[in-house]
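What follows is a short report on a single structure.
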Protein chains: 2
Amino acid sequence: MKNKEIQEQRIKGYFLQATKDLLKSEGLQSVNVRNIADRAGYSYATLYNYFKDINDLVFLCVYDFYGECEQHVREHTKRQERGIKRLRASIRAYVDFFVQYPGIFSLFFMENLGSFKDKGRATEIISFSLDKVCEEEWNYCVSKGILQVEQVELIKSQIRHATLGLLMLYINQRVSFPYTELINRLYLQTNAILESCSPGGGRDGGGVSVHNSLISIKVK
Amino acid sequence: MKNKEIQEQRIKGYFLQATKDLLKSEGLQSVNVRNIADRAGYSYATLYNYFKDINDLVFLCVYDFYGECEQHVREHTKRQERGIKRLRASIRAYVDFFVQYPGIFSLFFMENLGSFKDKGRATEIISFSLDKVCEEEWNYCVSKGILQVEQVELIKSQIRHATLGLLMLYINQRVSFPYTELINRLYLQTNAILESCSPGGGRDGGGVSVHNSLISIKVK
DNA sequence: TTATTTTATGAACAATGTTCAGTATTTTTA
DNA sequence: TAAAAATACTGAACATTGTTCATAAAATAA
């Protein structure tokens, strides 16, 4: 009884890994039952013994990919000074992750979820992925009084939507500027959002001091 | 020589109209050569005498749809008071247009443009569509001193990206809130962006007075 | 070992994009 | 007007992809 379970999970894992590899290396347009099964070392028909349909399989990748995204952000920001600087670096690392794997962006934000079993959990992870990968830093900024707790939810959603909108235009090639320009615009808009909420009441009088740090930004 | 041209354009028009009708009524997933040709009254093979491929045909719709979007916004905002109020109403009307026709949103922002002939012009129209439908109002606000000319480009891009990000999440069902909540969040974020740029130097001291008008907002 | 259950598979079907050779229609020419 | 030529239209056919199903292969139980 238990062995059966283990073996089934193992084979599901082969298909899952094949799908993830394919999506990352060839993009979403190469993800189809025959290619997946080839990589997994099975016939395409076997896939249907383990997954309801290809949609089910593909959206299962979301959980793993979110984890990879989280780790990518952590590794690329750990040497940054805590606070606004690391927050900004986290947002950039998040963007970089999807620029590196446009197929994952399509999967996360554009692909029709169809009848995926737990749509709810997946969409929750997806839509708050940026918030989540920045969570520690949001908390840090609030705890240090860099950001005000009443404002932080609005700021989060501003940054979430502005970042995703910009990313969508870039990844789907609705804009033609190069990567460096993407990052410049990302910083500009991130700073504008953070700036608008500097505590203390007066313009430029708060503790965020986004402008100063802006000067030293250099795109990779 | 001239008649041939006219006739060819006429038949292209039948296919184009069929595609537009189909996209608006059934969505992008029903847009295929056989359905289009059925509606146009021709065989699916005939389509290839007039268009390179289906992608070419579908992206030709962008120009017409942009015009419809523009008109939709104009008609739904003409009774609004000029300035920030009409600006906000324009943004909402823009969002409403895509909520009504999600297939057009997919076409504009998500579909792979492939080898579409003038990618350049189409993507320009697409990515600046929100800016364009609000152009008169942006100009009005600047001319009346409601917004400062140096800030307006940054504000435009903030609103553009934040609006598209929110719309993407909503239309692709990555969030589960109802339409009324979408509009609430749209207003909240629009106001936050506009507020951050009130002229005069001090918080709440500028001429935008977004807060006051926020009170009277009622979602349809 | 033999019977039964489980697992894996290719054949086959449906939907869609595309090409092409042949048919129908229109236009040109004699 | 009638034959010839050019043009327009079409279904058959092929490729790709998702899915189902009968059956072969393998594992398990008797």
Side-chain angles (χ1 to χ4, degrees), chain A residues 1-19 21-23 25-61 103 106-107 110-117, chain B residues 1-19 21-23 25-61 103 106-107 110-117:
Chain A
M1 282 297 120
K2 198 64 179 298
N3 283 347
K4 179 144 300 177
E5 190 81 3
I6 291 171
Q7 288 162 20
E8 185 176 323
Q9 284 309 119
R10 195 135 51 199
I11 294 180
K12 278 191 169 191
Y14 300 147
F15 282 110
L16 206 58
Q17 190 59 48
T19 308
D21 290 348
L22 205 49
L23 186 55
S25 61
E26 314 262 331
L28 202 53
Q29 76 285 353
S30 293
V31 173
N32 61 62
V33 279
R34 284 164 179 85
N35 284 345
I36 292 170
D38 274 357
R39 288 210 180 212
Y42 287 94
S43 158
Y44 54 86
T46 307
L47 191 150
Y48 290 91
N49 295 332
Y50 295 92
F51 302 93
K52 193 175 121 283
D53 54 31
I54 196 182
N55 227 36
D56 239 58
L57 172 51
V58 168
F59 276 106
L60 275 180
C61 298
S106 303
L107 173 61
M110 285 161 17
E111 193 73 352
N112 187 341
L113 279 135
S115 60
F116 182 56
K117 357 177 175 147
Chain B
M1 283 297 121
K2 198 61 178 301
N3 283 346
K4 179 144 299 175
E5 190 80 4
I6 290 172
Q7 287 163 22
E8 185 176 323
Q9 284 308 118
R10 193 133 54 197
I11 294 180
K12 278 191 168 191
Y14 300 147
F15 281 108
L16 206 59
Q17 191 59 49
T19 307
D21 289 348
L22 205 49
L23 185 56
S25 61
E26 314 262 329
L28 202 53
Q29 75 285 354
S30 293
V31 172
N32 62 61
V33 280
R34 283 163 178 85
N35 284 344
I36 292 170
D38 274 358
R39 287 210 181 212
Y42 288 93
S43 158
Y44 54 85
T46 306
L47 192 151
Y48 290 91
N49 294 333
Y50 294 91
F51 302 93
K52 193 176 122 284
D53 54 31
I54 196 182
N55 227 36
D56 238 60
L57 173 51
V58 168
F59 275 106
L60 274 180
C61 298
S106 303
L107 173 62
M110 286 162 14
E111 194 73 353
N112 187 340
L113 279 134
S115 60
F116 181 58
K117 359 180 175 141

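Each chain gets a letter, A, B and so on, in the order its sequence line appears, and its residues count up from 1. What you are looking at is a predicted structure, and each value in this text was computed from that prediction instead of being measured.
Using a 4.5 Å heavy-atom threshold, the side chains of A:Tyr48 and A:Val33 count as touching.
With values rounded to the nearest 0.5 angstrom, A:Ile11 atom CD1 is found 3.5 Å from A:Tyr42 atom OH. Atom CZ in A:Arg39 sits 6.0 Å away from atom CG in A:Asp21 (nearest 0.5 Å). Here CG of A:Asp53 is found 5.5 Å from OG of A:Ser115. Values are rounded to the nearest 0.5 Å. A:Glu111 contributes atom CD, which lies 6.5 Å from atom CG of A:Asn55 (distance to the nearest 0.5 angstrom). Here B:Lys52 contributes atom NZ and B:Leu57 contributes atom CG; the two are 11.5 Å apart, rounded to the nearest 0.5 Å. Residue B:Glu8 holds its CD atom at 9.5 Å from CG of B:Asn49, rounded to the nearest 0.5 Å.
Checking side-chain atoms of B:Asp56 against main-chain N and O of B:Phe116 turns up no donor-acceptor pair under 3.5 Å.
Distance A:Tyr42 OH to C:dT7 C1': 9 Å, rounded to the nearest Å. Summarising the geometry, the separation between OH on B:Tyr48 and C1' on D:dA15 is reported as 12 Å, rounded to the nearest angstrom. For the pair A:Ile36 CD1 and C:dT9 C1', the interatomic distance rounds to 17 Å; values are reported in whole Å. Per the geometry, CD belonging to A:Gln29 stands 17 Å off C1' belonging to C:dT16, to the nearest Å. B:Lys12 places its NZ atom 13 Å from the P atom of D:dC9, with the value rounded to the nearest Å. The nearest whole Å value for the distance from the CD atom in A:Gln7 to the C1' atom in C:dT6 is 11 Å. Following rounding to the nearest Å, A:Glu8 (CD) and C:dA8 (C1') show an atom-to-atom distance of 14 Å. Atom CG in B:Asn112 sits roughly 15 Å away from atom C1' in C:dG17 (whole-Å rounding).
Base engagement by A:Asn49 is indicated by at least one non-hydrogen atom pair under 4.0 Å involving a base atom. Within 4.0 Å (heavy atoms only), A:Ile11 reaches sugar-phosphate atoms of the nucleic acid but no base atom.
Nearer to the 5' terminus of DNA chain D, by closest-nucleotide assignment, is the contact made by A:Asn35 (compared with the other of A:Asn35 and A:Lys52).
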Pull out every protein N or O sitting under 3.5 Å from an N or O of nucleotides 10-14 of chain C, one pair per line with the distance.
residue	atom	partner	partner atom	Å
C:dA11	N7	A:Tyr44	OH	3.1
C:dA11	N6	A:Tyr44	OH	3.3

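Listed pair A:Tyr50 / C:dA8 meets the phosphate criterion, a side-chain N or O lying under 4.0 Å from OP1 or OP2.
The aromatic rings of A:Phe51 and A:Phe15 sit perpendicular to each other, their planes meeting at more than 60°, with 30° as the lower class boundary.
The overall bend of the helix from C:dT1-D:dA30 to C:dA30-D:dT1, read as the angle between its terminal helix axes built from five base pairs each, is 30° when rounded to 10 degrees.
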